[in-house]
Amino acid sequence: MTITVDYYMALTSPWTYLGSAPFAEIARRNNVTVNIKPCKFGPIFEQTGGLPLPKRSPQRRAYRMMELKRWREVRDVPLVLEPKYFPCDDTMGTRLVIAAKLQGRDALKLSQELGRTVWECEESLADPDHVASAARRAGLDAAALRAGGPADAELDALHQQYTEEALTAGVFGAPSYVLPSGEIFWGQDRLELLERALKQTA
């Protein structure tokens with residue numbers, strides 16, 4: 001039986017990126033269909049009590065850095081702790097992921113490579129050359145994906161729709177993985193628990 005997992009994520013989240021490869025492997029092992037839904041987590045934080053990074057206390061920011069160091073070792077990912085282009089405008093990358101999804105292409109792999117752009121390559125998602133390079137690493141052609149439609153306005157409307165769906169589902173942080181039952185697993189450090197639940201559901 002194929003299970004669909006709703007994957008609420010943000011391209012510029014280091015936690016989304018750290019979990020992207022292991023999540024893809026878990027999905028493969030467990031015959032999971034991934035329904036990727038890029039979201040705007042600024043509005044989600046506003047409605048769920050979260051704070052953007054600059055507004056968090058020094059203690060929370062310091063602990064975040066410590067956890068990033070720990071998890072890049074655990075996941076064996078050469079993540080740059082303070083990349084040159086973080087934060088950056090991810091609109092271009094997000095539109096491409098949604099376009100890939102609508103065209104039945106590997107949007108999950110594309111999202112992983114766009115995350116790599118920020119967190120390993122120290123490149124900007126606001127630069128079309130860097131976005132195109134990420135697409136090529138995923139085996140895709142960025143120009144062809146955009147030519148295949150839809151228009152920016154529709155892609156942006158879907159981005160907003162996914163954000164609203166995240167709030168309705170009870171999501172408050174990235175990445176979040178939601179089972180058909182509505183059970184939420186928040187954070188890449190919950191992937192082992194997600195796989196446990198998938199095996200129990202199968």
Side-chain angles (χ1 to χ4, degrees), residues 7-21 23 36-73 75 77-101 107-135 137-138 142 145-146 152-153 155-167 171-177 186-189:
Y7 176 36
Y8 296 99
M9 49 77 73
L11 291 174
T12 56
S13 160
W15 309 110
T16 293
Y17 180 58
L18 281 168
S20 60
F23 175 52
I36 189 168
K37 296 184 177 185
C39 298
K40 302 175 184 180
F41 278 89
I44 289 174
F45 286 166
E46 289 176 7
Q47 295 192 45
T48 60
L51 289 175
L53 185 59
K55 294 185 177 181
R56 295 175 197 168
S57 70
Q59 295 89 341
R60 287 181 178 271
R61 292 200 300 270
Y63 188 76
R64 170 185 175 274
M65 193 63 65
M66 188 182 303
E67 281 281 88
L68 285 174
K69 290 176 182 177
R70 289 170 177 161
W71 279 104
R72 75 174 175 180
E73 292 180 10
R75 300 296 188 204
V77 172
L79 179 136
V80 179
L81 296 173
E82 296 182 276
K84 184 177 180 180
Y85 294 103
F86 174 77
C88 66
D89 183 354
D90 66 354
T91 302
M92 191 183 308
T94 298
R95 286 171 176 166
L96 199 64
V97 169
I98 297 172
K101 171 184 175 176
L108 184 61
K109 177 65 173 175
L110 175 60
S111 71
Q112 182 180 347
E113 292 302 333
L114 289 165
R116 190 188 311 278
T117 297
V118 176
W119 294 103
E120 290 188 27
C121 303
E122 289 196 274
E123 296 174 343
S124 174
L125 293 182
D127 186 314
D129 290 337
H130 296 162
V131 170
S133 179
R137 292 196 302 269
L145 282 174
R146 290 313 319 271
D152 287 351
L155 295 170
D156 293 344
L158 284 168
H159 193 195
Q160 179 62 34
Q161 177 184 317
Y162 297 151
T163 302
E164 293 167 2
E165 289 174 4
L167 285 163
V171 166
F172 54 89
S176 288
Y177 318 93
W186 169 50
Q188 64 84 32
D189 54 341

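We number each residue from 1, following the sequence as shown.
Looking at heavy atoms from C-beta onward, C121 lies out of side-chain contact with H130 at the 4.5 angstrom threshold. Taking the side chain as every heavy atom from C-beta outward, T117 and Y85 never approach each other to under 4.5 Å. Between E165 and Y162, some side-chain heavy-atom pair lies under the 4.5 Å cut-off. The shortest side-chain heavy-atom distance between L79 and L81 falls under the 4.5 Å cut-off. The closest side-chain heavy-atom distance from L108 to Y7 is below 4.5 Å. Annotation: side chain of K109 is not in contact with side chain of R137 (no heavy-atom distance under 4.5 Å). Side-chain contact between L68 and W15: present, with at least one pair of heavy atoms (C-beta onward) separated by less than 4.5 Å. With contacts defined as side-chain heavy-atom distances shorter than 4.5 Å, the pair P38/M9 qualifies.
For the atom pair CG (L11) and OG1 (T91), the distance works out to 10.0 Å, reported to the nearest 0.5 Å. One finds the CG atom of L110 at 8.0 Å from the CD1 atom of I36 (value rounded to the nearest 0.5 Å). Between the OG1 atom of T94 and the CG atom of L125 there is a distance of 7.5 Å, given to the nearest 0.5 Å. Atom CG of D152 is separated from atom CE of M92 by 9.5 Å, given to the nearest 0.5 angstrom. Atom CD of residue Q47 and atom CD of residue E164 lie 9.0 Å apart, to the nearest 0.5 angstrom. Atom SG of C88 sits about 11.5 Å away from atom CD of E122, to the nearest 0.5 Å.
Between the side chain of R75 and the backbone N or O of Q188, at least one donor-acceptor pair lies under 3.5 Å. Distance alone, capped at 3.5 Å, is enough to place a donor-acceptor pair between the T163 side chain and the H159 backbone.
Crowding of R60 atom CZ: a count of heavy atoms from other residues, nucleotides or ligands under 6.0 Å not exceeding 12. Heavy atoms from other residues, nucleotides or ligands lying under 6.0 Å from CH2 of W186 number 12 at most.
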Residues T48, F41; criterion side-chain contact (heavy atoms from CB on, under 4.5 Å); working and verdict: CA-CA 10 Å; T48 60; F41 278 89; over 6 Å; no

Just do the side-chain contact (heavy atoms from CB on, under 4.5 Å) check on I44 and C39 with the steps written out, would you? CA-CA 8 Å; I44 289 174; C39 298; 4.0 Å; yes

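Taking each heavy atom of A142 and A132 in turn, the nearest pair found is CB-CA, 4.0 Å. Taking both residues in full, the closest heavy atoms of L114 and A134 are given as CD2-CB, 3.6 Å, listed atom of the first, atom of the second, then distance. Heavy-atom minimum distance, A135 versus L96: CB-CD2, 4.2 Å. A pairwise comparison of heavy atoms in S176 and V171 identifies OG-CG1, 3.7 Å as the closest pair.
R64 and E67 are not joined by a salt bridge, as no carboxylate oxygen comes within less than 4.0 angstrom of a charged side-chain nitrogen. Checked for salt-bridge contact, K69 and E73 miss the test: no charged N lies under 4.0 Å from a carboxylate O.
Applying side-chain hydrogen bond (donor to acceptor under 3.5 Å, both in side chains) to Y17 and the options R116, Q112, R72 leaves one that passes, R116.
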